[in-house]
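One structure is given below, encoded as structure tokens.
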Amino acid sequence: MTTVRINDRDVELPEQATVVDAVAHTTGRELTSTGAPVDGGRLGVAVALDGEVVPRSRWAATELSAGHELEIVTAVQGG
Amino acid sequence: MEIAPLTIGDYSLRSRLIMGTGGITDLSALEKALVQSGTTLTTVAMRRYSPETKTSVFSMLERLGIDVLPNTAGCYTVKDTVLTAELAREALETDLIKVEVIADEHTLLPDVIETLEATEQLVDRGFTPLVYTSDDPAVALRLEQAGAAAVMPLGAPIGTGLGILNPHNIELICSRAQVPVVLDAGIGAASQAALAIELGCSAVLVASAVTRAQDPTAMAEAMRLAVEAGLHSARAGRIPKREHALASSPEAGIINPLEDLT
């Protein structure tokens, strides 16, 4: 297992987990390998890895390792 | 009166009333208010995903066919603002961003220095920034020169409901701007929304005034009508202001009781 920080919490993910796995774990939604929800809806989520945005097109290719810090954000009520 | 869509960058804004979604916990009450407001563009904030966000405001807006305007609320620096904007673009698939860089949590006033720098960087990165700013006409002009697609001066500090504290400044900003001016923050009552449009603003953003009203749905309707009234009023061409009275009844043919007594 690999321990990464997601939204300021330690999360255990399988070895060689990618950003797709981290997003699926956090949102509880099943995702295709391209990061699209299997249910066909919009995900409305973005990811920053160590302060840099990871575009969805690179989620599957971005492997996570111990100590990585992820921010997984979405739209909430505001302004 | 036909109200033409407002062009902000490449975006076409149909309703001149932009709504906020904060300040209300009951999502179904928010939905009713948004529908009643007739808004076609509504702000959201970007925050860490939490399990409760599943029935999110985002899916509600999508269902209602209302476009999202992500903001950078909570940002104090250029760096945080740019990262938040990038995350918003990635998550919501829009180039629109309401740039909001706050100086401190007590006043929630915009830090115009950071705001200007953030605007420049966001323009370079291909965003369409709608920029929240103070009611300083010089700053508004600088933001426009930096590439702001719209400038959004405050009427009064966020959430105060004090209305438009310096109508002269708002009017001056509008008279010189080549980009749309959207009155943002401070509105409490519908009359103030109408005033904003009469002063020359192209649109109005309202959040707390509706979401924290005793009856948000009724206030949403009032705001919609006020913005419409403001647009009618602005187009109709108001009379010039005068120092002294000018009678509207004819002066000829006035009876003169004093004369009759002589």
Side-chain angles (χ1 to χ4, degrees), chain A residues 3-13 17-62 64 68-79, chain B residues 18-27 30 34 42-54 56-63 68-74 79-80 82-94 98 100 125 130 132 152 158-159 184-185 205-208 211:
Chain A
T3 306
V4 297
R5 291 290 281 178
I6 299 180
N7 293 349
D8 239 3
R9 280 188 190 167
D10 284 331
V11 175
E12 299 254 306
L13 294 174
T18 67
V19 172
V20 175
D21 300 309
V23 173
H25 178 273
T26 303
T27 61
R29 288 173 80 173
E30 203 181 327
L31 304 178
T32 67
S33 58
T34 59
V38 169
D39 59 29
R42 283 175 75 183
L43 193 57
V45 161
V47 178
L49 174 59
D50 294 338
E52 290 289 330
V53 177
V54 184
R56 189 170 307 182
S57 56
R58 293 216 312 267
W59 284 5
T62 305
L64 299 173
H68 267 157
E69 291 201 13
L70 284 145
E71 295 282 352
I72 299 182
V73 303
T74 190
V76 300
Q77 286 174 252
Chain B
I18 303 174
M19 290 285 293
T21 53
I24 190 166
T25 48
D26 182 353
L27 266 187
L30 174 64
L34 290 176
T42 291
T43 65
V44 291
M46 301 307 294
R47 290 293 179 270
R48 285 173 169 166
Y49 191 98
S50 73
E52 306 87 70
T53 39
K54 268 184 181 168
S56 71
V57 66
F58 175 60
S59 50
M60 183 181 84
L61 293 173
E62 198 176 19
R63 180 162 49 76
V68 287
L69 173 59
N71 67 27
T72 65
K79 186 166 169 269
D80 285 351
V82 172
L83 178 59
T84 302
E86 291 283 5
L87 287 166
R89 175 158 68 179
E90 181 66 20
L92 307 177
E93 295 165 49
T94 176
K98 184 189 160 195
E100 202 174 326
R125 290 167 182 250
L130 290 76
Y132 172 61
M152 305 180 79
I158 292 171
D184 184 5
L205 191 151
V206 163
S208 312
T211 60

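The side-chain contact (heavy atoms from CB on, under 4.5 Å) test with Thr42(B) singles out one residue from Ile18(B), Val68(B), Leu61(B), Leu30(B), and that residue is Leu61(B).
For the pair Leu34(B)/Met60(B), a side-chain contact is recorded, criterion being any heavy-atom separation below 4.5 Å from C-beta on.
Looking at Ile158(B), there are no atoms closer than 4.5 Å to chain A (heavy atoms on both sides), in backbone or side chain. Proximity to chain A is limited to the side chain of Leu205(B), based on heavy atoms less than 4.5 angstrom apart.
If you take OG1 on Thr84(B) and CZ on Arg89(B), they are separated by 13.0 Å, rounding to the nearest 0.5 Å. Residue His68(A) holds its NE2 atom at 12.0 Å from CG of Leu13(A), rounded to the nearest 0.5 Å.
Between chain A and the residues Glu93(B), Lys98(B), Glu100(B), the largest count of heavy-atom pairs under 4.5 Å involves Glu93(B). Put simply, of Met46(B), Glu86(B), Met19(B), the one with the most heavy-atom pairs under 4.5 Å next to chain A is Met46(B).
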